[in-house]
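To start, the structure under review is shown below, and the notes come after it.
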Amino acid sequence: MLDERSAVEQARRGDERAWRELYERHVDLVFRLAYRVVRDRDAALDVAQDAFVKASLALAGFREESSFRSWIAAIAMNEARSWLRKRDREREISLERTGEPPSGRRSPEERVADADIVARALSFIETLPDQQRDAVLLRAAEGLSYREIAEALGTSEGSARVSYHHGMKKLRKMMSRFAGSGGAPEGVSETR
Amino acid sequence: MRDSIQPSDHPVDALPDVLRGRRADAAAIERHLSGCASCRSELDVLRALAGSAPAPLSDLERERLHGAIESRRAAGDRRPGGGAGGRPGDPAGPHPWLAWTWRAAAGIALVLMSIGVLRVVQEGATPDWDPGLALDGWGREVADLGLDPADVRLALGVGILDDPTLGLPLDEAGADLEGMALPWEEEDR
């Protein structure tokens, strides 16, 4: 089994086996990140596909200042965000045509009314600014280090840390507000 | 836990790793958690997020995904890294240098065409320019004298042929012309 740096180097030179190894190592991370953003399995598979195709075509320009893992994670997040933007545009067009409110444009409060704790957390995450959301997903959901998050977001380690903590603070507030709004479980851990 | 941004050594920073069993000092952090409601609520959120992972990819999904990626790569560029835009998200062209060659050639052609058009327009705009005369300064002088450039050309040609002082040998065509009546002489007869 190749180490990461050698795999990247060989894949860059056209070694298909090395490329396959990179794919196998990172496909789960890419898929999970995509899923957490787009929240649809088929869409997440499409996003993962786009991310790997782009990574393959841009591999020559990959500077090894960051790890391949954080690089591909950044591509996956970008692709997932593009997918969301495209979906929103299509929904706006659909709204203009039919006059019906699209189901996905409910407020966060409305959307979580019938959701379980996991879906609720993800719904709240959607409302965070991009950098905070990415930092929270990469750190809390995927366990990346601040250094890797900084590489993925193209920022400093300190800034990644700040984004993560601001995002988590907002999330905790939203979760506790929801828990205190009645009908919802008091502590999120109690539902698990 | 404080509301402000946490220092790196604060237990809250370690919570994602504690959740994944990556911390050697997990016991100490657990002790901290028992007395810190804020950290416990953060851990709850972290658990919810960690639990938001989708079901793992099946072997079939993994293979299908790989197949789709490979067919798209084959359509663009077979070799990983080939035709790269350089940055994630850059559109990948098959051969960027080729595209630049075409652009450069098209640019040069456009410039040359523009120069040609400008010259033609400039020369065409000169009121006394006569391509038949093609004498530049002379044409302008002839026009200033109010003469017809075509007549001047004819007269000059015949004059040169007929003038023995120029020392030009009469060729066969010149000899044929010698003594011939010119159109206006013909009319005078």
Side-chain angles (χ1 to χ4, degrees), chain A residues 11-16 18-20 22-24 27-28 31-32 35-36 41 44-45 48-49 51-62 71-72 74-75 78-79 82 117-122 125 136-137 139-141 143 146 161-162 165-166 168-169 171-172 175-176 187-189 192, chain B residues 1-8 10 12-13 15-17 19-20 22 37-57 61-62 64-73 75-94:
Chain A
R12 197 185 275 159
R13 286 203 297 266
D15 185 332
E16 290 298 325
W19 169 250
R20 176 73 194 234
L22 288 173
Y23 167 80
E24 290 295 345
V27 65
D28 291 314
F31 171 67
R32 281 196 309 268
Y35 178 84
R36 282 182 166 119
R41 195 171 181 88
L45 284 166
Q49 188 188 128
F52 272 103
V53 170
K54 285 207 171 164
S56 152
L57 296 175
L59 196 57
F62 168 57
W71 186 66
I72 191 100
I75 297 175
N78 284 339
E79 288 303 306
S82 297
I117 183 66
V118 168
R120 195 181 310 151
L122 287 175
I125 276 193
V136 167
L137 281 178
R139 176 80 181 132
Y146 288 120
R161 188 187 299 273
V162 167
H165 283 295
H166 277 312
M168 283 303 287
K169 188 175 151 187
L171 266 184
R172 281 194 294 112
M175 298 288 272
S176 62
V188 286
S189 60
R192 295 178 62 85
Chain B
M1 192 180 74
R2 300 193 314 255
D3 268 354
S4 58
I5 299 312
Q6 307 302 315
S8 59
H10 194 280
V12 75
D13 247 354
L15 291 179
D17 296 328
L19 207 61
R20 288 172 176 75
R22 290 183 195 158
S38 183
C39 281
R40 281 202 307 276
S41 84
E42 175 129 344
L43 192 61
D44 286 338
V45 175
L46 288 173
R47 282 199 182 113
L49 290 174
S52 67
L57 286 169
E61 283 176 319
R62 194 179 283 262
R64 274 189 188 159
L65 182 58
H66 186 257
I69 292 165
E70 290 311 300
S71 65
R72 279 180 61 189
R73 284 178 61 218
D77 185 344
R78 186 68 211 155
R79 191 172 62 82
R87 290 190 306 272
D90 274 0

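We name chains A, B, ... by the order of the sequence lines, and we start the count at 1 in each one. Just so it is clear, the model here is predicted, and its values are computed rather than measured.
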Minimum heavy-atom distance B:Ala68-A:Gln49, with the two atoms named: CB-NE2, 3.3 Å
Any A:Arg139 side-chain heavy atom under 4.5 Å of B:Leu46 side chain: no
Region of A:Leu22 in contact with chain B, defined by heavy-atom distances below 4.5 Å: neither
Side-chain heavy atoms of B:Val45 within contact of A:Val136, under 4.5 Å: no
Partners meeting ring pair (Phe, Tyr, Trp, His ring centres under 6.0 Å) with A:Phe52 (sequence neighbours left out): A:Tyr23
Chain A contact via B:Arg64 - side chain, backbone, both or neither, heavy atoms under 4.5 Å: neither
Salt bridge flag under 4.0 Å for residues B:Asp44 and A:Arg172: no
Working for side chain to side chain contact (heavy atoms under 4.5 Å, CB included), residues A:Arg36 and B:Leu49: CA-CA 9 Å; A:Arg36 282 182 166 119; B:Leu49 290 174; 5.8 Å; no
Passing candidate, side chain to side chain donor-acceptor pair (under 3.5 Å) with A:Ser56, options B:Glu70, B:Arg73, B:Arg72: B:Arg73
B:Pro54 portion near chain A, given a 4.5 angstrom heavy-atom threshold: both
B:Asp13/A:Arg161 under salt bridge (Lys or Arg N to Asp or Glu O under 4.0 Å): CA gap, chis, key distance, verdict: CA-CA 9 Å; B:Asp13 247 354; A:Arg161 188 187 299 273; 2.4 Å; yes
Shortest non-hydrogen separation from A:Arg41 to B:Leu57 and the atoms involved: NH2-CA, 3.8 Å
A:Arg32, part contacting chain B, at a heavy-atom distance under 4.5 Å: both
Contacts of A:Arg20 that satisfy salt bridge (Lys or Arg N to Asp or Glu O under 4.0 Å) - sequence neighbours left out: A:Glu24, B:Glu63
